[in-house]
Amino acid sequence: MKIKSIETFATEFVGFVRVTADSGHQGWGQVANYHSDISALVLHRQVAPWSLGHDALDIESLVTGIPEREHKFPGSYLFRAIAGLDTALWDLRGKIEGKSVCELLGGKPRFFPVYASSMKRDITPEAEAERLLRLRDALGYTAFKFRVGRECGHDQDEWPGRTEAIVPTIRKAMGPDARLLVDGNSGYTPKKAIEVGRLLEANGICHFEEPCPYWELDWTKQVTDALDLDVTGGEQDCDLTIWRRMIEMRAVDVVQPDVCYLGGISRTLKVARMAEAAGLPVTPHSANLSLVTVFTLHLMGALANAGPYVEFSIEGPDYYPWQDGLFSPGFEIEDGKVRIPDGPGWGIEINRDWLAKAAYRKSEVG
């Protein structure tokens with residue numbers, strides 16, 4: 001069964017991929033979010049030429065071979081594009097076998113715990129606490145992540161005193177039993193990160209994400225070694241050699257690959273297995289409600305070293321207007337858990353009205 005065509009439907013923020021085999025079977029995937037129109041172009045220029053005519057079920061050799069064919073162009077965009085091919089082929093395989101991707105990976109679709117993930121820094125501690133409480137009462141969330149510091153902030157806060165205020169405010173509002181996580185988004189030097197980490201530990205925070213610039217692995221390791229809470233990271237990294245080093249040096253306590261940034265399910269499985277061999281859990285980055293969260297749910301339902309929850313964005317159309325109306329059925333939330341879709345492949349259908357409004361491009365055999 002050979003790949004006959006690869007189609008993309010892209011906007012700036014979302015890019016869906018449809019792969020059709022010469023048998024007529026089709027699968028849907030997604031390139032990474034943000035500048036998705038660029039990733040779609042890269043897919044047609046640098047991924048499709050090596051994919052058309054290839055065995056549609058031999059996903060592993062494709063995602064391994066394409067970076068070698070394109071070795072002069074390593075980096076983020078190539079893997080963001082490969083993610084679209086990889087995820088479409090997993091969907092195609094699931095539909096052929098009549099199984100969900102979760103089942104193909106050895107798992108079982110079910111409700112999986114999530115943490116309610118806030119993306120906002122331009123929000124007061126009091127307003128953040130109020131909306132997290134509303135979500136807890138409405139949807140049963142028991143774990144929550146909020147932001148500290150400033151993104152790539154060079155030890156600066158979003159505004160003076162915000163971090164020192166929001167940490168105890170959220171803890172007091174949510175009570176002693178809530179699992180609380182924070183994200184530093186590459187904001188601190190090691191000295192400042194450790195100082196902030198002590199504040200987090202004093203307030204029972206269990207997870208300190210990307211405290212230092214993510215490319216400074218030695219800095220992050222200093223923080224990991226100094227603190228008792230889990231230091232986490234890895235969402236930005238798409239190079240498996242960097243992942244190998246990060247895990248071998250134990251720069252973090254929890255690894256957080258992003259399925260779409262890393263290049264799809266096949267490459268994320270490689271990171272998960274490296275982490276498993278090192279005794280580290282996996283809690284991927286999935287910071288919006290596009291297909292990346294669908295992919296992550298399926299993956300986490302099958303990993304032996306899956307962390308306790310999947311990241312689940314709480315931002316609506318006021319923050320992410322582009323994530324509405326992408327596919328159906330939507331996410332089913334119950335008691336702080338989200339159902340892993342149990343239909344064949346990803347178990348969803350792309351919204352045809354959305355596709356009609358996106359920029360279209362096709363690469364095909366012949």
Side-chain angles (χ1 to χ4, degrees), residues 1 14 16-21 23-30 33 56-57 59-60 83-117 138-143 257-260 264-269 272-273 281-314 323-352 354-355:
M1 184 185 304
V14 181
F16 290 132
V17 179
R18 179 167 62 192
V19 172
T20 302
S23 63
H25 292 94
Q26 293 185 324
W28 284 95
Q30 179 184 293
N33 295 108
L57 299 181
I59 306 172
E60 174 65 26
L85 173 69
D86 171 280
T87 52
L89 291 175
W90 279 100
D91 187 52
L92 184 149
R93 180 183 161 192
K95 289 172 178 174
I96 290 172
E97 297 189 25
K99 295 180 179 179
S100 69
V101 174
C102 184
E103 291 170 306
L104 293 178
L105 297 174
K108 182 178 180 180
R110 61 193 186 275
F111 277 96
F112 200 96
V114 299
Y115 67 81
S117 185
L139 298 171
Y141 295 122
T142 60
D258 183 296
V259 172
C260 288
I265 291 291
S266 305
R267 287 171 58 84
T268 306
L269 283 171
R273 288 165 183 155
V282 179
T283 302
H285 175 258
S286 53
N288 60 76
L289 300 183
S290 69
L291 285 183
V292 66
T293 295
V294 175
F295 303 154
T296 302
L297 285 163
H298 281 270
L299 176 72
M300 290 287 277
L303 289 184
N305 58 329
Y309 27 54
V310 166
E311 180 174 20
F312 195 77
S313 173
I314 61 174
Q323 72 180 10
D324 281 359
L326 298 177
F327 54 86
S328 62
F331 295 103
E332 184 180 351
I333 309 170
E334 184 178 299
D335 295 329
K337 300 177 181 179
V338 176
R339 182 185 289 278
I340 301 169
D342 58 5
W346 302 121
I348 56 87
E349 294 292 334
I350 305 297
N351 184 331
R352 302 291 165 164
W354 187 93
L355 293 174

Sub-4.5 Å side-chain heavy-atom contact between M300 and Y309: no

Where P109 and C102 come nearest, the two heavy atoms and their spacing: N-SG, 3.9 Å

Output field: ring centroids W28/F327 closer than 6.0 Å: no

Interatomic spacing from CG in D91 to CD1 in I265 - rounded to 0.5 Å: 11.0 Å

Atom pair CG/CZ of D258 and F295 - distance to nearest 0.5 Å: 10.5 Å

Minimum side-chain heavy-atom gap L105-L299 below 4.5 Å: yes

Distance, nearest 0.5 Å, that separates CD1 of I333 from CZ of R339: 12.5 Å

Atom CD of E97 with >12 non-hydrogen neighbours under 6.0 angstrom: yes

D342 side chain vs G347 backbone, donor-acceptor pair below 3.5 Å: no

Minimum-distance pair of heavy atoms, taken over all atoms of T296 and V310: CG2-CG1, 4.0 Å

Heavy atoms of other groups near K99 NZ, more than 12 under 6.0 Å: no

Shortest non-hydrogen separation from N351 to G325 and the atoms involved: ND2-O, 2.9 Å

Pairwise side-chain contact, V114 with T293, heavy-atom cut-off 4.5 Å (strictly under): no

Atom of T87, atom of G29 and distance for their closest heavy-atom approach: OG1-CA, 3.2 Å

Gap between atom CZ of R93 and atom CG of L104 - 0.5 Å precision: 4.5 Å

Interatomic distance, S266 atom OG to I59 atom CD1 [nearest 0.5 angstrom]: 5.5 Å

Residues L269, L303; criterion side chain to side chain contact (heavy atoms under 4.5 Å, CB included); working and verdict: CA-CA 9 Å; L269 283 171; L303 289 184; 4.0 Å; yes

From K108 atom NZ to I340 atom CD1, the distance as rounded to the nearest 0.5 Å: 11.0 Å

Centroid-centroid under 6.0 Å between F312 and F331 rings: yes

Any donor-acceptor pair under 3.5 Å from S100 side chain to G94 backbone: no

Note, H298 side chain near P341 side chain (heavy atom, < 4.5 Å): yes

I96 vs M1, side chain to side chain contact (heavy atoms under 4.5 Å, CB included): CA-CA, chis, key distance, verdict: CA-CA 11 Å; I96 290 172; M1 184 185 304; 3.4 Å; yes

Heavy-atom pair of closest approach, residues C260 and A83: O-CB, 3.3 Å

Side-chain donor-acceptor pair present, S117, E311, cut-off under 3.5 Å: yes

Donor-acceptor contact below 3.5 Å, side chain H25 vs main chain K95: no

Over all atoms of both residues, closest heavy-atom pair of G307 and P281: CA-CB, 4.4 Å

Any V14 side-chain heavy atom under 4.5 Å of L291 side chain: no

T20-Q26 side chain donor-acceptor pair, cut-off 3.5 Å: yes

Q30 vs V294 side-chain heavy atoms within contact, under 4.5 Å: no

